[in-house]
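Here's the structure, in C-alpha cells; my notes come after.
Each chain gets a letter, A, B and so on, in the order its sequence line appears, and its residues count up from 1.
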2 protein chains.
Amino acid sequence: MKLNTKSRYAVMALADMSKFPLNNPVSLRDISLRQSISLLYLEQIFFRLKKNDIVKSVRGTNGGYVLKRDPKNIKLSEIFKALDQRVKTVGCKKESKKGCNGKSAKCITHELWDELEIYINNFFENKKLSDLLSTEERIN
Amino acid sequence: MKLNTKSRYAVMALADMSKFPLNNPVSLRDISLRQSISLLYLEQIFFRLKKNDIVKSVRGTNGGYVLKRDPKNIKLSEIFKALDQRVKTVGCKKESKKGCNGKSAKCITHELWDELEIYINNFFENKKLSDLLSTEERIN
DNA sequence: AAATACTTGACTATTTTAGTCGGGTATATA
DNA sequence: TATATACCCGACTAAAATAGTCAAGTATTT
Ligand code: FES
Ligand code: FES
C-alpha cells in the first residue's frame with residue numbers, strides 16, 4: 001500500500017497555503033519554491049482542487065489560489081476525492097455481485113478488505129486541514 | 001492507495017488453507033482452482049511465505065503446504081511482511097533527518113503521514129487469520 | 001518408473017505514476 | 001496599452017511498479 005505523490009503534494013500545498021491570511025492569494029510559484037514541488041505538477045493538481053471547490057483562483061499579477069473554505073472545514077477525504085485518489089483494497093467491482101476473479105460469489109477475504117477500506121477512509125474523513133497546523137499557526 | 005494482488009492472494013490462499021485440518025497438506029493446484037489464482041503466481045507467493053515461517057512444505061505426491069501455526073496466531077502483518085509489502089505513506093527515508101524532497105527538514109505533512117502509516121499498520125497487526133473464518137469453520 | 005508437487009531465479013507485458021510540454025487566457029500595474 | 005505575471009487545460013512520455021509467466025529443476029509417494 002503506497003500513498004502517491006499527487007495526494008501528498010496536494011495536502012502539502014494546501015497546508016502551506018493555509019498558513020497565510022485567508023484572502024491573500026498564494027501563487028503556485030511560491031508554493032513550488034517553498035515546498036520543492038514542480039510548478040507544472042502543482043498546476044495539474046490545483047486544476048483539480050479548483051474544479052472540486054476546494055480552492056478558487058485569482059488570475060493576473062499578484063494572483064494565485066485562495067482556500068475556498070476555512071481549513072477547519074476541509075476534510076482530507078475531500079482532497080483525495082478531488083484528485084480521484086481513492087482507497088482501493090478489493091479486487092472486485094463494488095456494484096457487481098461477482099467476486100474479484102469474475103467468479104460467482106464474493107471471495108472469502110472480501111469482507112476483510114471492505115473493512116480495511118472503511119477503516120482507512122475513516123482516517124481521511126476525520127482529519128481536517130486545520131489539524132496540520134501547529135498551535136501558533138492556528139492562532140494566525 | 002491500493003492494495004496489491006500479492007498480499008490479497010496471499011491472505012486468500014492462507015484463508016483457504018485454514019479451512020482444512022491443520023496437518024493435512026493443501027496443494028497449490030487445489031488452491032489455484034478453488035480461488036482462481038494462477039498456480040505459478042501462487043508458487044512465487046508461497047516461496048516467500050515458507051521462507052518467513054508461515055507455512056511449511058510437504059513434497060511429493062499428496063504433498064502441499066501446511067500452516068506452521070494455528071490461524072489464531074498468524075497476524076496479517078506477518079503475511080504482509082513476508083511478501084515485502086509494507087505500508088508506505090511518506091516520501092522521505094525514515095532514518096534520514098532530511099525531508100521528502102532532500103531538503104533540510106521533514107516537511108509540514110510528515111507527521112500526518114506517519115500517523116496514517118501507524119494507523120494502517122495497526123489494522124494488520126490486530127487482525128489474525130482466524131478472524132477470516134466464519135463461526136462454523138472455526139469449530140472445525 | 002511415473003506422477004505429483006514443491007523450488008528458485010530470471011524474465012516480461014501491462015499498468016500506473018510522476019511528472020512535462022505546449023499553447024493558451026485573464027488581470028494588474030507601469 | 002504594453003508587459004509581466006499567473007492561472008488554464010488537454011495531451012504526452014519516461015520510468016517504475018505490478019502482475020504475472022517461464023524454465024529447469026528436486027523430492028516424495030504410489
Ligand atoms: S475482494 Fe471482492 S470478491 Fe474478492
Ligand atoms: S513525508 Fe517525510 S519529509 Fe515529507
Side-chain angles (χ1 to χ4, degrees), chain A residues 1-13 17 24-33 35-52 54-68 80 82-89 91 100-102, chain B residues 1-10 12-13 17 24-52 54-68 80 82-89 91 100-102:
Chain A
M1 304 215 75
K2 226 175 73 185
L3 186 70
N4 58 17
T5 56
K6 232 171 205 163
S7 322
R8 207 171 47 234
Y9 290 171
V11 176
M12 238 167 125
M17 277 181 68
N24 181 46
V26 180
S27 75
L28 295 187
R29 203 180 126 273
D30 286 354
I31 298 177
S32 166
L33 290 171
Q35 306 298 335
S36 299
I37 302 170
S38 146
L39 173 60
L40 291 156
Y41 204 19
L42 276 176
E43 285 186 343
Q44 203 187 104
I45 291 167
F46 272 75
F47 176 58
R48 297 265 171 184
L49 291 176
K50 190 196 164 184
K51 260 197 174 170
N52 284 272
I54 292 169
V55 295
K56 60 185 175 196
S57 65
V58 180
R59 298 181 86 156
T61 312
N62 297 324
Y65 285 95
V66 174
L67 288 176
K68 220 168 170 186
F80 274 65
L83 295 165
D84 261 331
Q85 237 68 55
R86 53 200 70 201
V87 178
K88 199 163 169 5
T89 57
C100 45
N101 33 44
Chain B
M1 304 216 75
K2 227 175 73 185
L3 186 70
N4 57 18
T5 55
K6 232 170 206 164
S7 321
R8 207 170 47 234
Y9 290 171
M12 238 168 122
M17 277 181 69
N24 181 46
V26 181
S27 75
L28 294 189
R29 202 180 127 273
D30 287 353
I31 298 177
S32 166
L33 289 172
R34 275 196 297 268
Q35 307 297 335
S36 299
I37 302 170
S38 146
L39 174 60
L40 292 155
Y41 204 19
L42 276 177
E43 286 185 342
Q44 203 186 102
I45 291 167
F46 272 75
F47 176 58
R48 298 264 170 183
L49 291 176
K50 190 196 166 186
K51 261 197 174 169
N52 284 272
I54 293 169
V55 296
K56 61 184 175 196
S57 64
V58 180
R59 297 181 86 158
T61 312
N62 296 324
Y65 285 96
V66 174
L67 287 177
K68 220 169 171 186
F80 274 66
L83 294 164
D84 261 332
Q85 237 66 56
R86 53 200 71 202
V87 178
K88 200 164 167 5
T89 58
C100 45
N101 34 43

Would you list the atom pairs, donor with acceptor, under 3.5 Å between side chains in residues 37-48 of chain B and any protein atom, with sequence neighbours excluded?
residue  : atom : partner  : partner atom : Å
Ser38(B) : OG   : Leu40(B) : N            : 3.3
Ser38(B) : OG   : Tyr41(B) : N            : 3.1
Tyr41(B) : OH   : Thr5(B)  : OG1          : 3.2
Gln44(B) : OE1  : Lys6(B)  : NZ           : 3.3

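Rounded to whole Å, the distance from CE on Met1(B) to P on dT16(C) is 16 Å. Put simply, CG on Leu40(B) is 6 Å from P on dT21(D), counting in whole angstrom units. One interatomic measurement links the two molecules: OH of Tyr65(A) to P of dC7(D), which rounds to 6 Å at whole-angstrom precision. Lys68(A) has its NZ atom 16 Å from the P atom of dC7(D), to the nearest Å. The distance from atom CZ of Arg48(A) to atom C1' of dC7(D) is 16 Å, rounded to the nearest whole Å. Atom CG in Asp84(B) sits about 14 Å away from atom P in dA19(D), given to the nearest Å. Counting to the nearest Å, the P atom of dA10(C) and the CZ atom of Phe47(B) are 11 Å from each other. If you take CD of Glu43(A) and C1' of dA18(C), they are 15 Å apart, rounded to a whole angstrom.
Position along DNA chain D of the nearest nucleotide to Val58(B) versus Gly63(A) favours Gly63(A) as the more 5'-ward residue. When each of Lys2(B) and Thr61(B) is assigned the nucleotide of DNA chain C with its nearest heavy atom, Thr61(B) is the one assigned upstream, toward the 5' end.
Here the straight-line distance linking atom CD of Gln85(B) with atom CG of Leu3(B) works out to 8.5 Å at 0.5 Å rounding. Atoms OG and CZ, on Ser7(A) and Phe80(A) in that order, are 4.0 Å from each other to the nearest 0.5 Å. Taking CE from Met1(B) and NZ from Lys88(B), the interatomic distance works out to 11.0 Å, rounded to the nearest 0.5 Å. Rounding to the nearest 0.5 angstrom, the gap separating the CZ atom in Arg34(B) from the CE atom in Met17(B) is 10.0 Å. Atoms CG and NZ, on Leu49(A) and Lys56(A) in that order, are 15.0 Å from each other to the nearest 0.5 Å.
Residue Ser57(B) places at least one side-chain N or O under 4.0 Å from the OP1 or OP2 atom of dT7(C). Distances shorter than 4.0 Å separate some side-chain N or O of Asn62(A) from OP1 or OP2 on dT29(C). For Lys50(B) and dT7(C), the shortest distance from a side-chain N or O to OP1 or OP2 is below 4.0 Å. Look at Thr5(B) and you won't find any side-chain N or O under 4.0 angstrom from OP1 or OP2 of dT18(D). Between Asn4(B) and dA17(D), a side-chain N or O to OP1/OP2 separation shorter than 4.0 Å is absent. An OP1 or OP2 oxygen of dT17(C) is reached within less than 4.0 angstrom by no side-chain nitrogen or oxygen of Tyr9(A).
Counting any heavy atom pair closer than 4.0 Å across all strands shown, Phe46(B) reaches no nucleic acid atom.
Closest non-hydrogen pair, Gly91(A) versus Cys100(A), comes out as C-CB, 3.3 Å. Between Gly63(A) and Pro25(A), the shortest heavy-atom contact is C-CB, 3.7 Å.
Side-chain to base pairing of Arg59(B) with dT4(C): no donor and acceptor N or O lie closer than 3.5 Å to each other. Scanning atom types as modelled, no donor and acceptor separated by under 3.5 angstrom connect the side chain of Gln44(B) and the base of dT8(C).
Using a 4.0 Å cut-off on heavy atoms, the residues of residues 24-37 of chain B that approach DNA chain C are Val26(B), Ser27(B), Leu28(B), Arg29(B), listed by number.
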